[in-house]
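Notes follow once the structure below has been shown.
The sequence lines fix the lettering, A, B, ..., with proteins before strands; numbering per chain opens at 1.
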Amino acid sequence: MPLRLFNTLTKSKDGFAPIDAKNVRMYVCGPTVYDFAHIGNARPAIVFDLLYRLLRHEFGPTHVTYVRNITDVDDKINERALRDFPGLPLNQAIRNVTEKTEAQYHADVGALGCLPSTHQPRATEFIPDMMTLIGQLLARGHAYEAGGEVLFDTQSMPDYGRLSGRKLDEQQAGARIEVDAHKKHAHDFVLWKQSAENEPGWESPWGRGRPGWHIECSAMSAAYLGQTFDIHGGGLDLIFPHHENEIAQSRCAHGTPVMANVWMHNGFLQVEGEKMSKSAGNFFTIRELLADWPGEVLRFNMLRTHYRQPIDFTLAGIRESWKMLERWYALTEPLVDPAPDAAFLEALLDDLNTPAAIASLHQADELALAGGLGFMGFSNVQMKITQKSAVDEAEIYCAIETRKAARAAKNFAESDRIRDDLLAKGIVLKDRPQGTTWEAKR
RNA sequence: GGCCUCGUGGCGGAGUGGUGACGCAGCGGAUUGCAAAUCCGUGAACCCCGGUUCAAUUCCGGGCGAGGCCUCCA
């Protein structure tokens with residue numbers, strides 16, 4: 001069974017045929033590094049990591065190029081830099097913010113079992129490429145200078161809005177959008193804008209300035225993947241305007257009919273039934289969650305829901321995920337070279353149907369179970385959590401031995417006291433046939 | 001207002017024009033000094049109203065409900 005993927009562009013599940021089977025090319029929009037990544041950010045990282053693994057399986061590990069960028073130029077980063085490092089020169093302050101945040105991001109998604117992407121470009125390293133693109137857009141009549149900015153002329157592109165299903169003439173301009181007077185059309189968007197003294201800037205033909213919010217992805221994808229490539233991914237919310245504008249920029253600059261053949265978008269994440277927001281108090285960073293839960297449990301919890309479905313992130317769900325994963329880990333060790341069975345692979349090949357793939361593992365034999373777990377990126381190495389435990393391991397083993405002796409002497413009052421004592425410290429004992437084991441209470 | 005998803009047992013979540021997976025929880029049993037863990041077994045669902053059909057949860061239409069995007073946002 002060939003790989004089929006849901007394409008936002010066609011709104012249907014289509015068979016996947018790469019442009020070049022020797023080099024399957026995928027681009028995914030990465031984080032803007034101004035703050036710790038939250039659990040919602042983890043979803044595309046995990047989803048497209050799984051797709052990366054699947055593509056490598058289908059086309060060969062050396063025949064897939066996966067690019068996930070780091071956005072390190074953004075007005076939110078400037079604000080954060082000025083706030084956190086008021087005494088430093090701006091460039092230094094910005095670098096402090098972005099380098100720290102970027103390192104944390106890579107550590108976070110690594111802990112969630114995501115492989116490093118083939119390339120992880122930073123936007124600031126591609127400013128010249130962006131200028132080139134903007135120059136091409138101006139030369140081809142798709143952009144214009146006004147009010148100190150360079151703007152994309154959306155009316156110059158007949159099928160602008162195709163990805164998001166928006167038609168320019170059907171939109172009520174100005175209804176909720178504040179239209180800048182210098183724009184020819186309400187949907188025109190910024191490619192380059194001038195920077196004030198306290199803003200980062202690069203010298204350009206249009207004055208000292210910085211790039212708009214969309215041009216970076218057009219530049220970086222072209223640099224690594226060419227003018228036309230196979231898959232472009234990101235969150236649902238990026239369809240408009242970000243991806244729509246990327247398509248407009250890339251196609252109009254290069255004169256190509258297509259930017260990426262397949263556009264994939266993961267659904268949103270809610271927390272305990274509500275939209276995650278700082279004001280609602282249900283905002284969780286990946287880092288916070290990793291202090292309480294193994295990364296593999298968080299990963300498994302994410303994959304239990306199909307990537308296009310909304311997911312409700314709940315405590316009960318994480319506990320259930322841990323339980324399932326723990327039982328499977330007790331049964332088998334995932335293989336270094338995973339060999340999943342046909343049922344598992346077919347589920348994944350059907351638009352990454354991870355719930356069906358996971359369900360198939362319940363029926364699988366030990367080898368196929370290990371193969372499936374390994375395929376999805378589970379390593380079976382980090383299930384115990386000791387950070388929250390106030391007791392050190394030697395003390396636990398000592399208590400277990402003492403309790404063993406008490407039980408042998410049928411002093412059950414004492415053995416129960418030891419067990420309750422450990423439980424109060426967050427340690428659960430399990431009397432298995434092979435002997436007593438322990439784990440952190442969850 | 002425009003565009004787009006989605007409504008399956010207590011919860012999570014596949015799938016299908018004709019006996020409604022699977023997991024968690026629950027219940028019964030085994031095991032255990034008692035628990036936990038483990039093992040075996042087990043009841044329970046397709047939002048509403050029409051239509052097409054021999055037959056619809058599955059297809060079509062309408063309704064109701066939930067969510068998202070239209071503004072930086074995974």
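Annotation: B/C49 and B/U57 have their C1' atoms spaced 15 Å apart (nearest Å). Rounded to the nearest Å, the gap between the C1' atom of B/C46 and that of B/U16 is 11 Å.
Taking side-chain N and O atoms only, A/R327 has a distance below 4.0 Å to OP1 or OP2 of B/C39. Using a 4.0 Å cut-off, some side-chain N or O of A/T305 falls inside it from OP1 or OP2 of B/G13.
Remark: B/C54 base-pairs with B/G18. Criterion, Watson-Crick or G-U wobble with two distances under 3.5 Å. With a cut-off of 3.5 Å on both Watson-Crick or G-U wobble distances, the partner of B/C34 is given as none. Under the Watson-Crick or G-U wobble criterion, with both distances below 3.5 Å, B/A25 is left unpaired in every strand shown. Across all strands shown, B/U5 forms a Watson-Crick or G-U wobble pair, both distances under 3.5 Å, with B/A66.
Residue A/R308 is classed as having no contact, given no heavy-atom separation below 4.0 Å to the nucleic acid. Residue contacts for A/L238: at a heavy-atom cut-off of 4.0 Å it reaches the sugar-phosphate backbone alone, with no base atom in range.
When all heavy atoms of A/K184 and A/Y144 are compared, the closest pair comes out as N-OH, 2.7 Å.
Residues A/D14 and A/R4 are not paired through a salt bridge, judged by the lack of any N-O separation under 4.0 Å between the basic side chain and the carboxylate.
The side-chain heavy atoms of A/R25 and A/Y27, taken from C-beta on, include no pair separated by under 4.5 Å.
Here the nucleotide nearest the side chain of A/D237, chosen from B/C69, B/A36, B/C22, is B/C69. Distances were taken from every side-chain heavy atom of A/Q363 (C-beta onward) to each of B/A74, B/C34, B/C22; the shortest belongs to B/C22. Side chain of A/K76, nearest nucleotide from B/C22, B/C72, B/A74: B/C72. Distance from the side chain of A/R403 is smallest to B/G33 among B/A14, B/A74, B/G33. Nearest nucleotide to the side chain of A/N353, out of B/A74, B/G15, B/C34: B/G15. For A/D350, whose side chain is taken as the heavy atoms from C-beta onward, the closest listed nucleotide among B/A74, B/G15, B/A14 is B/G15.
The closest side-chain donor-acceptor pair between A/S415 and A/R403, if any, does not fall under 3.5 angstrom.
One can place CG of A/L303 at 13 Å from P of B/G13, the figure rounded to the nearest angstrom.
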